[in-house]
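Just so we're on the same page: letters track the sequence lines, and every chain starts at 1.
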Amino acid sequence: MTVQGIALLTLFVAAGAVFGLIVRLLFRILRAGKPENRFERWGDRFKAILVYVCAQARVVTKPAGLGHFVIFWGFIFITIGTLDHMLAQIIPGFCLERIIGRSAGSAFTWLQDVFGVLVIGAIVVAAVRRFILKPERLAIDDPHAPPQAALILALIAVLILLMYGVKGSEILLGSERLTRGNAPVSFRAAGWMSGWGLNLPLAESVFSWGHNLIIFFFLLYIPFSKHIHIIGAIPNVFFKNLGPMGSLSRMNFEDETAEKFGASELRDFTWKQLMDLYSCTECGRCQIACPAFATKKPLSPFRVIHRLRAQLMRDKGGLFARGDAVLRGAPVIPDTVTEDEIWSCTTCGACMQECPPFIEHVEKIVDLRRFLVLTESRFPQEIQPVFKNLEVNYNPWAIGYSSRADWAADLAVPLASEKQSFDVLFWVGCSGSFDQRGQKISRALVTLMRKAGVDFAILGTEEMCCGETARRMGNEYLAQTLIQANIETLRKYTFKRIVTICPHGLNTFLVEYPQFGLSVPVMHHSEFLLGLVLERRLRIRRLDAVRGAYHDSCYLGRYNGLIREPRSLLSHATRRVAEFKRRGKSSFCCGAGGGRMWMEETLGSRINEERTRELLGLGVDHVFTACPFCLTMFEDGLKSLNREDVKALDIAEVLLAACVE
Amino acid sequence: MANDILVFGEVRGGSLRKVTRELIGAARRVSQPMGGAIDAALVGALSGKAADGLAGFGLRRIIVAEDEIFARYSTEGYAKVLSDIVKSGAYSYVFLGATAMGRDLGPRVAAKVDGVMFSDCVDVRMEQDQVIARRPVYSGKVYVEIVRAGAWPNFISIRPNNIPPAEPSGGSTPIAAHASSVTQEAIRAIVTEIIPLEGGRPDLTEADIIVSGGRAMKDKANFKVLEGLADILGAAVGASRAAVDSGFAPAAVQVGQTGKIVNPKLYVACGISGAIQHLAGMRTSKVIVAINKDPNAPIFERATYGIVGDLFEIVPMLTEELKKIL
């Protein structure tokens with residue numbers, strides 16, 4: 001072994017050991033978090049790696065992601081090449097080509113050679129975006145973040161240039177391995193270098209050492225920079241939530257030793273929620289998708305994750321820390337995340353839909369709300385009466401529970417308690433029961449079901465709020481009370497499915513009631529009515545005059561994938577359906593989710609007006625909704641923008657208007 | 001224990017608050033079968049002037065603690081003087097209004113004199129020489145009735161607008177000045193300034209009549225139209241969230257789910273469509289009058305009386321007509 005080989009081996013072992021200690025610390029930090037089961041369905045997890053890591057399926061949905069794709073794969077090829085090169089220096093006679101065969105080795109050399117140029121191109125584009133174009137997506141309030149990004153980009157570029165320097169020198173020294181065929185770029189580099197009058201053996205070892213030193217520096221710097229995502233993102237994709245997107249964790253109130261509920265410090269998060277903090281690439285896609293950020297509220301999901309990670313880096317122990325010293329317990333609120341941020345979230349899930357490494361922002365925000373509500377009893381004062389109303393009258397509005405079925409009195413809607421057994425349980429929900437606007441949707445659906453001869457019933461005064469809104473406001477105790485009471489009621493009757501006009505109820509029955517032991521088939525009225533139309537149980541004549549745009553409710557489209565059904569239903573009812581620019585899974589929240597319906601919107605501008613302006617830009621005279629809360633938000637928005645000429649209608653109302661006898 | 005009753009009269013700006021007459025009404029219910037005398041206690045800078053308003057109610061005497069030191073309400077000063085007054089007599093019952101002041105004072109004075117406190121009652125009656133007080137719990141779903149067991153005197157605070165105010169019976173009442181021993185040192189927290197929101201009108205939450213405007217007011221200046229009507233009726237002015245959001249009215253007067261929950265005898269909704277978020281704050285009003293251009297506005301389903309028309313025509317017309325009658 002040469003002297004150089006020994007030096008390299010020493011560095012290699014030392015850097016590797018320190019890196020190993022860092023990774024061990026990062027792992028121990030995860031162990032300090034709460035348990036969470038992400039250890040089922042291994043096949044799907046490996047598939048997620050293929051799709052979202054190897055193919056970068058989410059990354060490449062945005063143009064800038066193509067650059068990441070190139071840098072990602074370039075980095076992998078070049079790192080393998082670097083290892084090959086290092087090992088050759090340490091172990092005399094080592095060569096990757098001998099192991100994988102000459103033609104595969106040659107192909108691999110070509111990939112490295114070509115990707116090097118592509119990576120430099122991608123880095124130039126990235127630098128132009130980040131430092132010249134400065135899109136709002138990347139905007140961050142931490143002054144340390146941009147120089148970090150600049151350092152990384154510059155080092156990667158230097159790394160590639162040094163790689164070409166090494167290869168160029170090898171070519172000039174008469175390498176057999178590199179040919180014009182498998183190293184076209186390096187040959188061009190060699191051509192330039194030949195005119196520089198270099199001492200070739202010295203140049204080669206300087207370039208090679210520069211390259212190696214940068215690699216070692218990277219190894220030790222990465223875990224403490226935003227590029228920690230190189231370590232964290234792949235396992236984070238592997239352990240991603242494979243279950244339904246919209247289910248919050250069930251809290252255990254039976255545990256009599258619990259001293260607090262919800263999360264107030266990093267250790268209160270689960271290991272997976274902490275791993276999220278290792279995974280953020282700071283791409284900012286969540287930020288521009290976030291309705292709170294778009295309306296100048298203090299919340300940006302990107303910045304929340306960024307600051308949580310900064311706190312984690314401050315609160316972590318040394319490389320040899322054990323036990324509690326691994327992650328110091330320190331409050332998250334209000335220095336890392338403010339209460340205004342926590343309460344600005346509509347839980348619309350746009351951030352999670354966009355996030356390439358599948359960070360789960362909403363659950364963290366709800367866990368912080370849970371702490372504020374359940375442990376501290378600190379929340380916006382206007383939701384105090386909402387909690388009280390839900391406790392006392394099982395609806396948010398302080399209307400006596402005994403009047404829950406009053407809307408149905410003149411329609412003589414059958415009650416479950418009278419029928420006992422029936423096909424469809426129509427879950428009316430609070431809005432459909434008490435809000436005069438929502439009642440119109442209930443009445444439309446009842447009329448349609450009557451026309452189609454559906455055997456249905458409602459629970460009447462036995463129905464309570466489904467618990468969704470209390471749960472998302474962090475009042476898990478109240479939510480569980482409502483959920484369990486409803487489950488007891490539902491178990492009394494025999495029916496085939498629940499049909500609801502509210503996506504919030506739909507989501508909670510689909511993904512949250514099973515946590516409490518009730519799994520029943522649930523349908524949103526869009527898919528149920530579509531079924532009736534397709535079975536020709538409803539006769540429809542398309543309306544010519546009604547021209548509108550369909551707005552995807554977050555909990556219908558993004559959370560539960562019901563995107564085609566409402567559109568298909570509308571296409572039966574009317575000839576003209578326009579589309580929002582932000583639609584389907586990328587739809588923009590109306591502003592009412594996450595309990596925001598019950599809170600004042602005093603920070604920034606109003607989300608519903610933002611969405612209503614987008615509607616008005618489409619030049620239609622109707623907006624079609626499939627959620628009573630979206631409907632309210634649009635009606636309010638149209639009023640405040642003085643455009644009451646544009647009408648908001650629920651899809652059931654449109655269908656009823658198009659229904660022939 | 002003698003059967004005397006003390007009524008704590010709240011003085012504001014030299015005049016008595018209406019709840020004082022309601023308290024005398026409650027005290028009469030107790031004194032008639034029991035046969036004790038009723039005294040009133042007035043504390044405040046202008047309480048002497050306010051005492052005139054109580055002359056004709058058949059009280060034994062009106063105890064007036066008039067001192068500059070009481071010019072502004074202070075928990076400590078008022079509690080001290082009221083407990084001195086209670087100790088100076090032989091009272092078995094002390095009535096206070098369940099107002100901000102009464103709620104603050106009642107339990108404190110009761111503790112000072114080792115009495116019993118019934119808070120926030122809506123009714124009192126006598127049965128077999130026993131006072132039974134009624135108070136709502138669980139947001140008014142259930143009432144509990146409470147009776148005294150043990151110590152005297154019995155403090156009872158009564159919510160405004162629940163017991164019919166006593167009618168004057170004529171005659172005059174002697175005024176007894178109470179020489180207060182409260183010194184400035186005894187008051188450790190001092191109110192330095194009271195900043196009124198909008199001059200001259202009653203609080204939304206205790207007003208008997210509220211005139212409210214919605215987004216149809218179109219402009220802040222247009223609230224003058226409602227204020228004209230409110231002045232004639234002695235009403236408070238409220239607003240819907242839409243009006244507050246549009247900057248036509250201050251957030252403090254917002255009625256609804258996220259604003260004030262009100263329960264007046266008469267609620268006049270002008271240009272308010274009646275979305276559930278607004279109804280949640282005023283639906284229990286005894287009489288609702290709705291003025292709205294849109295005959296399909298949901299407010300009409302809640303309203304006792306509805307007028308379909310432009311509020312800018314109707315409200316001034318209504319104001320003119322009411323001027324003639326009132």
Side-chain angles (χ1 to χ4, degrees), chain A residues 380-403 406-407 410 430-440 591-592 595-602 605-606 608-609 628-629 631-644 647-648, chain B residues 136-142 205 213-219 239-248 250-263 269 271-285 288 290 292-303 306:
Chain A
Q381 57 162 2
E382 63 267 22
I383 56 176
Q384 172 70 60
V386 177
F387 289 154
K388 189 173 168 192
N389 298 336
L390 288 170
E391 279 164 18
V392 176
N393 282 310
Y394 324 124
N395 72 71
W397 289 294
I399 306 177
Y401 72 94
S402 58
S403 57
D406 287 5
W407 67 273
D410 62 325
C430 295
S431 187
S433 298
F434 294 106
D435 181 359
Q436 284 163 8
R437 187 65 189 86
Q439 288 169 1
K440 290 186 184 162
R596 292 290 326 163
M597 177 79 190
W598 323 113
M599 295 177 227
E600 287 287 10
E601 195 170 345
T602 51
S605 57
R606 301 187 75 91
N608 66 330
E609 290 177 13
F629 297 105
L631 185 68
T632 301
M633 291 320 242
F634 272 109
E635 288 196 334
D636 281 1
L638 290 166
K639 272 184 200 165
S640 52
L641 298 176
N642 283 315
R643 285 298 304 271
E644 284 172 85
K647 301 282 176 225
Chain B
V137 291
Y138 299 123
S139 73
K141 259 218 195 60
V142 179
T205 42
R215 214 180 45 87
M217 297 307 299
K218 293 199 186 83
D219 192 69
S240 73
R241 196 191 73 183
V244 172
D245 281 352
S246 308
F248 305 162
V253 303
Q254 180 176 328
V255 173
Q257 174 92 7
T258 52
K260 297 254 169 25
I261 313 272
V262 298
N263 182 20
I272 292 177
S273 65
I276 189 158
Q277 304 287 66
H278 187 72
L279 293 178
M282 45 62 76
R283 51 189 288 284
T284 51
S285 305
I288 298 171
N292 204 304
K293 264 199 268 194
D294 175 10
N296 297 320
I299 190 80
F300 287 123
E301 288 179 38
R302 268 280 152 202

Can you check whether B/Ile272's main-chain N or O pairs, donor with acceptor, with B/Asn292's side chain at less than 3.5 Å?
yes

Who wins among A/Asp435, A/Asp636, A/Thr602 for the most heavy-atom pairs under 4.5 Å with chain B?
A/Asp435

Over all atoms of both residues, closest heavy-atom pair of A/Arg596 and A/Glu601:
NH2-CA, 3.6 Å

Counting only heavy atoms closer than 4.5 Å, note whether B/Thr258 contacts chain A via side chain, backbone, both or neither.
both

Is chain B contacted by the side chain of A/Met597, its backbone, both, or neither, given a heavy-atom distance below 4.5 Å?
both

Contacting moiety of B/Thr284, where chain A heavy atoms sit under 4.5 Å
neither

So, the part of A/Glu600 with a heavy atom under 4.5 Å from chain B: the answer is both

When rounded to the nearest 0.5 angstrom, what distance separates CD in A/Glu644 from CD in A/Glu635?
9.0 Å

So for B/Ile261, is it side chain, backbone, both, or neither that comes closer than 4.5 Å to the heavy atoms of chain A?
neither

So does A/Tyr401 get a backbone contact from the side chain of A/Asn393, meaning a donor-acceptor N/O pair under 3.5 Å?
yes

Below 4.5 Å from any heavy atom of chain B, which atoms of A/Glu609 appear? Answer side chain, backbone, both or neither.
neither

If you tally heavy-atom pairs under 4.5 Å between each of B/Ala280, B/Pro298, B/Ala251 and chain A, the highest tally belongs to B/Pro298

